[in-house]
Amino acid sequence: MNKNDIIIKIKRDHINRYDTHPAIIAIAPGRINIIGEHTDYNDGFAMPVAINKYVFAAISKNTTNSINAYSDEINDSLFTSLDELISYKGWHKYILGAVNEIFKKYNIKNGLNISIFSNLPIGKGMSSSAAIEIATVNAILKLFKIDESDKNKIRICQKIDHKYIGIKSGILDHSASQLSKINNVLKIDFNREVFSYVKMKPMKASWILIDSKVKRELVNTHYNQRVKECEKGLSLLSNLYKKEISFRGISDKDLLAIKDVEPILFKRLKHVLDENNRVHEMEKFIISSNLEKIGKILVDSHYSLRDLYEVSCPELDYLVSLSSKFKYWYGGRIMGGGFGGNSINLIKQGKEEEYYNYIIKNYKRKFNIDVDTYKVNFSKGVEIIDNISAD
Ligand code: GLA
């Protein structure tokens, strides 16, 4: 279904379910991350971009004292009283987190009907969680005519992750979903919270995602542990150098002080420093459309995520090593939080089908699993539709 068909469907379903048409539909895209992994909560840099897979949140007010929501994809509903906003399970937490945070901040009390629709695969490293947060937060704010800055919207979403979901995420995913512009890659400086755009010229290559089918649940993985390890590494350095040390103030040489005493922490910090350098390099090579160099950076990032940050898994390592034997593969790596999900790959234009067949056949042979493949198309950030007619 294309975007317009989904809008028609979501509107019709909303009317059938709640007996009123939605006042607002917010459409939030998922994202890929070209480079800059695990740098967002480490004051670093990254280059994500929104893709043409979305979460749709349709919303209307109701006169009862309840929050009603329905997810088409999960085929599950939520019904809870405003006086007792309890997070029950999975996706409910995103909705109630958004309602709670916005209602508290703006002292709102009003019943809501919400319909969620998504064509963005869940748990695959394409940021379905951030997209549901961005869609719901934008929809609620628009419904109550609250003019919140993009940065504050992103912050509200991050708070939902921290407080309701339990993941100490950075703002990479939310920023891409909120702020992307068509034909541009975002470059984010997380330390200064500066968002700039790098124009992506048409390249004779395609961005391809391969879903390893290894399901990644960030809450149950070592994501939060990595966050803590980086904090610990920095505080160790601060003690050693007797001054506050941040990622912006250290060099490779400074890191050597903990190499022998805390080899694991050393590796985590080293990844972050190297990955930040890769982001700057990537910017140059995207501007000059240097496919070989872009590919090389992706592969270096994979090795760093595998060996230094240790967030890869055998299936993703295999996908990268298998791909490296494919003649028209410029490079690729594990994408997102890690521990499974997708690899992102840059393939010579016209060779996509050949690549799919090669990967599907060999991955099946090795793991007896059928991979999914996606050709990525870039998208703009969140879109809000507010002129919805009753017919
Ligand atoms: C997940 C998190 C992001 C970011 C990435 C790793 O997607 O939600 O905030 O940390 O992992 O780069």
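Computed over heavy atoms, backbone and side chain alike; hydrogens, waters and symmetry mates excluded. Not measured: the values here are computed from a predicted model. Order of listing sets the numbers, starting from 1, for every ligand and every atom in it.
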Enquirer: Is the NZ or CZ atom of Lys93 positioned over Tyr164's six-membered ring, under 6.0 angstrom from the centre and within 45° of the axis?
Expert: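 Checked: cation-pi criterion not met.
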
Enquirer: If you count every heavy atom of other residues, nucleotides or ligands that lies below 6.0 Å from Lys366 atom NZ, does the total exceed 12?
Expert: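 No.
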
Enquirer: Mark up the atoms of ligand 1 that fall under 4.0 Å of a heavy atom belonging to Gly336, in ascending order.
Expert: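 What qualifies from ligand 1 is 6 (C), 11 (O).
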
Enquirer: May I ask you to check whether Ser169 has an N/O atom sitting below 3.5 Å from an N/O atom of ligand 1?
Expert: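 It does not: no N or O of Ser169 is found under 3.5 Å from an N or O of ligand 1.
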
Enquirer: Report yes if some N/O of Leu172 lies less than 3.5 Å from some N/O of ligand 1; otherwise report no.
Expert: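 Between Leu172 and ligand 1 (N or O atoms, distance only) the closest approach is not under 3.5 Å.
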
Enquirer: Less than 4.0 angstrom from a charged side-chain N to a carboxylate O is my criterion; do Lys9 and Asp5 meet it?
Expert: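 So Lys9 does not pair with Asp5 through a salt bridge.
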
Enquirer: Distance from Ile24 atom CD1 to Ser60 atom OG, nearest 0.5 Å?
Expert: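 Those atoms lie 10.0 Å apart.
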
Enquirer: What are the atoms of ligand 1, with element, lying closer than 4.0 Å to any heavy atom of Tyr223?
Expert: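 Atoms satisfying the 4.0 Å criterion: 1 (C), 2 (C), 3 (C), 4 (C), 9 (O), 10 (O), 11 (O).
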
Enquirer: Only heavy atoms count here, so choose which of Asp40, Thr39, Asn42 is nearest to atom 3 (C) of ligand 1.
Expert: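 Among Asp40, Thr39, Asn42, the closest heavy atom to atom 3 (C) of ligand 1 comes from Asp40.
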
Enquirer: In terms of atom number and element, which parts of ligand 1 are under 4.0 angstrom from non-hydrogen atoms of Tyr41?
Expert: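 Matching atoms, with element in brackets: 10 (O).
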
Enquirer: Pairs of nitrogen or oxygen atoms closer than 3.5 Å, one from Glu37 and one from ligand 1: do any exist?
Expert: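 N/O-N/O distance under 3.5 Å: yes.
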
Enquirer: Considering only heavy atoms, does Arg31 approach ligand 1 within less than 4.0 Å through its side chain, its backbone, both, or neither?
Expert: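 Looking at Arg31 and ligand 1, just side chain atoms fall under 4.0 Å.
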
Enquirer: For ligand 1, which atoms have a heavy atom of Gly170 less than 4.0 angstrom away?
Expert: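 Counting from 1, the qualifying ligand atoms are 9 (O).
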
Enquirer: Does Tyr328 have Lys348 sitting over its ring (NZ/CZ under 6.0 Å from centre, angle to axis within 45°)?
Expert: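 No.
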
Enquirer: Using distance alone, determine whether Asn33 and ligand 1 share an N or O pair under 3.5 Å.
Expert: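 No, Asn33 has no N/O under 3.5 Å of an N/O on ligand 1.
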
Enquirer: Using side chain to side chain donor-acceptor pair (under 3.5 Å) as the criterion, point out the one residue from Glu133, Glu383, Gln178, Glu148 that pairs with Asn138.
Expert: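 Result: among Glu133, Glu383, Gln178, Glu148, Gln178 is the only option passing the side chain to side chain donor-acceptor pair (under 3.5 Å) with Asn138.
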
Enquirer: Report yes or no: is the cationic atom of Lys109 (NZ for Lys, CZ for Arg) closer than 6.0 Å to the six-membered ring centre of Phe103, at no more than 45° off its axis?
Expert: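 Checked: cation-pi criterion not met.
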
Enquirer: Counting the benzene-type ring for Trp, do Tyr318 and Phe367 have ring centres under 6.0 Å apart?
Expert: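 Close enough - the centres of the two rings lie under 6.0 Å apart.
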
Enquirer: With atoms numbered from 1 as shown, which atoms in ligand 1 lie under 4.0 angstrom from a non-hydrogen atom of Asp173?
Expert: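 Every atom of ligand 1 under 4.0 Å from some heavy atom of Asp173: 1 (C), 2 (C), 3 (C), 7 (O), 8 (O).
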
